[in-house]
Amino acid sequence: MPSQELAGTGVTLRDAGPGDAVCGVTPTWVALPETTEEVSAVLRACAEHDLAVVPTGGGTKLHWGPAPERCDVLLDLCCMNEIVEHAAGDLVVRAQAGVTMEALSAALAERGQELALDPPFAEGSTVGGTLAAAVAGPRAFRYGTARDLLIGITVVLPDGTIAKSGGKVVKNVAGYDLGKLFTGSFGTLGVIAEATFRLHPLPVERRWIVAVVDPPRVSPAEPCQAGELAAMLAAAQQEPSAVELDWPHGQGPIWMTVLVEGTAAHERARVLRARMGGVVKDVRDEPPPNWGLILNDDVLAEVRFEPAELTRVLDAVHYSGFSLRGSAVAGRVWLELWGDHGADKTIDAVAALRARLDDLGARLTVLATPYEGVERWGAVGSLPLMRRVKERFDPGRRMSPGRFVGGI
């Protein structure tokens with residue numbers, strides 16, 4: 001029996017229950033490996049018996065994406081929670097995939113360093129989940145995304161092969177940058193076991209400038225306050241690390257928060273406050289409530305766009321039924337559908353907004369929704385290439401089957 005083969009790996013195994021369901025699909029077993037080698041043993045056993053596997057960390061984003069076509073084993077990486085190496089002098093850290101981002105942050109802070117990623121959930125997000133979902137926080141404008149800060153990765157392929165890329169390489173998969181492939185793959189290519197990141201010193205000082213700006217005007221010919229300020233801030237010599245927008249319900253005034261950090265942050269913030277004019281309401285040394293967080297991801301979309309198109313993106317979202325939160329300068333925002341719309345209205349709201357955004361060259365992706373009829377991805381030009389990569393890494397379609405674009 002497959003359960004006997006899984007038990008023979010020596011990995012902790014338990015029967016799954018309703019609380020382990022992935023988008024309504026309940027696995028048969030939950031495996032809890034503690035090392036990369038144990039992950040490899042589980043995947044070898046699953047390959048032998050054609051068992052489908054869905055990896056998970058903190059579970060904060062397990063309901064993102066479509067339901068898996070099948071899920072025999074939920075691979076819970078919560079026990080892989082060690083910081084393997086912190087080379088403070090080299091500004092490098094290597095951690096297992098199950099390390100929570102808050103635990104990693106606390107450990108690095110003791111040495112005056114940080115990983116400049118801002119996960120969108122206050123608790124529970126793990127290193128592996130942050131990479132697998134490719135989430136980006138407010139400071140991606142200054143420091144880059146998870147893909148940019150990742151310098152090495154250890155993965156376990158669907159057949160149990162352990163492969164490494166970057167850093168101290170032991171085994172590579174020829175021709176592939178594993179870090180870039182696995183970041184944002186939603187567990188469909190294999191399992192992220194360890195990751196090595198480039199770090200930054202903790203800023204000596206931080207200031208948040210909080211402003212309230214006008215929404216887009218009725219006439220497209222009229223200037224948009226948010227767009228003009230964002231363009232000025234992106235090019236400012238004072239080098240803000242983030243410019244975040246918070247637009248509840250896509251109506252009324254827009255809250256804009258600017259983060260300035262590092263040397264002379266107070267003086268640089270003072271200069272920016274003067275340049276922003278009367279819209280500024282406060283300058284504080286603590287972030288505003290819910291800084292960089294996703295508040296409601298029952299129906300959640302992400303929009304990526306050229307920063308120069310911010311005004312037109314705001315105009316498209318205006319009165320669409322979505323709240324908007326995210327970066328005005330990095331071209332990446334979250335949309336949260338507010339109110340109880342039901343399936344039909346949600347499908348219509350997404351379709352209408354995507355049509356408006358497509359005209360701007362922006363891309364709307366629905367990350368989470370309880371409604372199967374919602375078109376999540378829109379047109380994806382790179383889908384044929386993505387299918388070939390899936391076939392190369394997971395020809396048996398055992399890793400999170402159907403959880404990614406195009407049913408990959």
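For the single chain, residues carry numbers from 1 onward in sequence order. The model shown is predicted, which means the values in this text are computed figures rather than measured ones. Heavy atoms only: backbone and side chains are in, while hydrogens, waters and symmetry mates are out.
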Testing the basics here: between [X] and [Y], what is the closest heavy-atom pair and its distance to 0.1 Å?
X	Y	answer
Leu295	Glu336	N-OE2, 3.2 Å
Arg354	Leu364	NH2-O, 3.0 Å
Ala349	Ser320	CB-O, 4.4 Å
Ala269	Ile209	O-CD1, 3.6 Å
Ala116	Leu149	O-CD1, 3.8 Å
Met399	Pro158	CG-CG, 3.5 Å

Supply the atom-to-atom distance [X] [atom1] to [Y] [atom2], rounded to the nearest 0.5 angstrom.
X	Y	atom1	atom2	value
Arg14	Asp76	CZ	CG	7.0 Å
Thr36	Ile192	OG1	CD1	12.0 Å
Ser185	Leu178	OG	CG	10.5 Å
Arg363	Arg332	CZ	CZ	12.0 Å
Met101	Leu108	CE	CG	9.0 Å
Leu233	Gln238	CG	CD	9.0 Å

- Short side-chain donor-acceptor distance under 3.5 Å, Asp72 and His49: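 Judged by distance alone, the side chains do not pair up.
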
- Message: If we count only N and O atoms by modelled type, under 3.5 Å, do the side chains of Ser241 and Glu261 hold a donor and an acceptor together?
- Response: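 Side-chain D/A pair, Ser241 to Glu261: present.
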
- Task: Starting from the C-alpha separation in whole Å, work towards a yes-or-no answer on salt bridge (charged side-chain N to carboxylate O under 4.0 Å, His left out) for Lys180 and Asp148.
- Result: CA-CA 9 Å; Lys180 287 184 169 56; Asp148 300 310; over 6 Å; no

Is the side chain of [X] donor-acceptor paired with the backbone N or O of [Y] at a distance under 3.5 Å, no angle test?
X	Y	result
Thr154	Glu194	no
Thr161	Leu157	no
Ser40	Gly160	yes
Glu85	Arg94	no
Trp247	Gly252	yes
Arg147	Thr183	yes
Asp90	Ala87	no
Arg273	Val210	no
Thr126	Gly129	yes
Glu38	Glu34	yes

Is there a side-chain contact between [X] and [Y] (heavy atoms, below 4.5 Å)?
X	Y	answer
Val212	Met256	no
Cys78	Leu32	yes
Met80	Thr35	no
Leu357	Val313	yes
Val333	Arg325	no
Leu43	Val191	yes
Val280	Val258	no
Arg403	Val22	yes

- Aromatic ring pairing Trp64/Phe121, orientation class (parallel under 30°, perpendicular over 60°, tilted between):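 Judged by the thresholds at 30° and 60°, the geometry between Trp64 and Phe121 is tilted.
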
- Decide side-chain hydrogen bond (donor to acceptor under 3.5 Å, both in side chains) for Asp297 and His63; before the verdict, give the C-alpha distance in whole Å, the side-chain angles of both, and the deciding distance to 0.1 Å. CA-CA 9 Å; Asp297 62 346; His63 63 292; 2.9 Å; yes

- Determine, stepwise, if the pair Trp338 / Asn296 fulfils side-chain contact (heavy atoms from CB on, under 4.5 Å). CA-CA 8 Å; Trp338 61 276; Asn296 178 6; over 6 Å; no

Salt bridge present between [X] and [Y] (N-O < 4.0 angstrom):
X	Y	answer
Glu48	Arg398	no
Arg139	Glu114	yes
Glu267	Arg270	yes
Glu69	Arg397	yes

- Task: Applying side-chain contact (heavy atoms from CB on, under 4.5 Å), run through Tyr371 and Val366 and close with a yes or a no.
- Result: CA-CA 11 Å; Tyr371 307 120; Val366 179; over 6 Å; no

Do other residues, nucleotides or ligands put more than 12 heavy atoms under 6.0 Å from the [atom1] atom of [X]?
X	atom1	value
Arg111	CZ	no
Glu375	CD	yes
His266	NE2	no

- How about Phe404 and Trp377: are their ring centres within less than 6.0 Å of each other?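 Yes, the ring centres sit under 6.0 Å apart.
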
- Task: Determine the sole option in Pro288, Pro287, Ser327 for which the side-chain contact (heavy atoms from CB on, under 4.5 Å) test with Glu244 is passed.
- Result: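 Testing Glu244 for a side-chain contact (heavy atoms from CB on, under 4.5 Å) against Pro288, Pro287, Ser327 leaves exactly one candidate, Ser327.
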
- From the options Ile153, Leu150, Ile151, Leu91, select the one residue that forms a side-chain contact (heavy atoms from CB on, under 4.5 Å) with Phe197.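 Going through the options one by one, the only one that passes is Leu150.
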
- Task: Apply the test side-chain contact (heavy atoms from CB on, under 4.5 Å) to residues Val93 and Leu104: give CA-CA distance (whole Å), side-chain angles for both, the deciding distance (0.1 Å), then the verdict.
- Result: CA-CA 9 Å; Val93 69; Leu104 180 60; 4.1 Å; yes

- Verify side-chain contact (heavy atoms from CB on, under 4.5 Å) between Trp334 and Val135, making sure each step is shown before the conclusion. CA-CA 10 Å; Trp334 307 107; Val135 294; 4.2 Å; yes

